[in-house]
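Down below is the structure, laid out as structure tokens.
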Amino acid sequence: MCRILPLVKVSLVALIAAANPALAFTNNVKGTSFTVTASVGAGCTVSAPGNQDFGNGTVTAPSDLTTSMGITCTNTTAYAAYFVGANDSGGSRYMVNSSDATQKITYTISSGGTVIGSANNSGQLSGTGTGSLQTTNLTLKITAWNSTPGSYSDTVTLNVDF
């Protein structure tokens, strides 16, 4: 009988280890930990409207133009958007005749009836980022029509401060 007992004892331990492997190796567990990190910085991207063309006018100014711009900023990032360029006069802008720089056509860029200002930061379009594209409708309106014949243009840059 003494010989059967050790055999039964070893078989019982082997059955327990087979049924629950974690119990069989608890004395051999080694571990190490590591850290997973990420940083999210404030940031914005912009999509300005494409080129805009009022077309041809004669005695009266052409119709207003409507377009849109897009701003995507990191979630909760506050931003202010405005337009800059060489031909700015306190929120009103002007196109210059390519043949005679003294000839100008004044216009505005607005959103919801509010003129969006320029580098002097008057009338900025402000908001808070959501992490998704936010689209704003724009209206370009000629405010002082010059019927002097010629080709008029202005270059505008959309800036976003955040």
Side-chain angles (χ1 to χ4, degrees), residues 20-22 25-26 28-162:
N20 193 344
F25 300 104
T26 56
N28 296 325
V29 174
K30 299 285 183 186
T32 185
S33 61
F34 59 94
T35 304
V36 177
T37 62
S39 296
V40 178
C44 294
T45 59
V46 297
S47 56
N51 293 338
Q52 301 296 303
D53 185 354
F54 280 104
N56 294 323
T58 52
V59 178
T60 58
S63 299
D64 298 347
L65 299 174
T66 56
T67 188
S68 63
M69 65 179 193
I71 300 173
T72 304
C73 291
T74 312
N75 193 28
T76 71
T77 299
Y79 65 86
Y82 54 95
F83 296 100
V84 296
N87 301 326
D88 175 55
S89 178
S92 288
R93 308 199 53 78
Y94 55 92
M95 296 174 276
V96 177
N97 187 316
S98 61
S99 301
D100 180 357
T102 64
Q103 299 298 311
K104 301 171 185 172
I105 298 174
T106 305
Y107 71 101
T108 58
I109 303 173
S110 62
S111 175
T114 301
V115 173
I116 300 174
S118 59
N120 65 8
N121 298 333
S122 64
Q124 291 180 339
L125 178 66
S126 60
T128 302
T130 63
S132 298
L133 176 67
Q134 295 173 296
T135 303
T136 301
N137 293 325
L138 301 174
T139 301
L140 286 75
K141 179 180 187 68
I142 292 178
T143 57
W145 179 245
N146 180 342
S147 59
T148 301
S151 178
Y152 293 79
S153 67
D154 183 24
T155 301
V156 182
T157 301
L158 169 61
N159 278 356
V160 175
D161 292 343
F162 56 92

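Predicted, not measured: the structure shown is a model, and the values here were computed from it. These values consider heavy atoms only, across backbone and side chains, with no hydrogens, waters or symmetry-generated copies.
Shown are Leu140, Ile109, Thr136; of these, the side chain to side chain contact (heavy atoms under 4.5 Å, CB included) with Thr67 is made only by Leu140.
For the atom pair CD of Gln103 and OH of Tyr94, the computed distance is 13.0 Å after rounding to the nearest 0.5 Å. Here the straight-line distance linking atom CG of Asn159 with atom CD of Gln124 works out to 10.0 Å at 0.5 Å rounding. Atom CG of Leu138 sits about 5.0 Å away from atom CZ of Phe83, to the nearest 0.5 Å. Rounded to the nearest 0.5 angstrom, Ser151 OG and Met95 CE are separated by 10.0 Å. Of the inter-residue distances, the one linking Leu65 atom CG with Tyr107 atom OH reads 10.0 Å to the nearest 0.5 angstrom. In this structure, OG in Ser110 is found 10.5 Å from CG in Asn137, a value given to the nearest 0.5 Å.
Here the shortest heavy-atom pairing between Ile142 and Ala61 reads CG2-CB, 4.0 Å. Looking at every heavy atom in both residues, Asp64 comes nearest to Lys141 through OD1-CG, 3.3 Å. Considering every non-hydrogen atom in both Ile71 and Ala81, the closest pair reads CD1-CB, 3.7 Å. For the pair Gly41 and Thr74, the tightest heavy-atom approach, listed with the atom from each and the gap, is O-OG1, 3.2 Å. Shortest non-hydrogen contact noted between Gln134 and Thr128 is NE2-O, 3.3 Å. Closest approach of Thr135 and Ser68 over heavy atoms only: CG2-CB, 3.7 Å.
In this structure, Trp145 and Ile105 have side chains that are in contact, with non-hydrogen atoms separated by less than 4.5 Å. In this structure, Asn51 and Asp53 have side chains that are not in contact, with every pair of non-hydrogen atoms separated by 4.5 Å or more. With contacts defined as side-chain heavy-atom distances shorter than 4.5 Å, the pair Leu125/Met69 qualifies.
One N or O on the side chain of Gln52 and one on the backbone of Gly50 form a donor-acceptor pair closer than 3.5 Å.
Listed by first then second residue, pairs satisfying disulfide (SG to SG under 2.5 Å) with a partner in residues 126-162 number zero, not counting sequence neighbours. Within the structure, the disulfide (SG to SG under 2.5 Å) test picks out the following pairs touching residues 44-88 (sequence neighbours left out): Cys44-Cys73.
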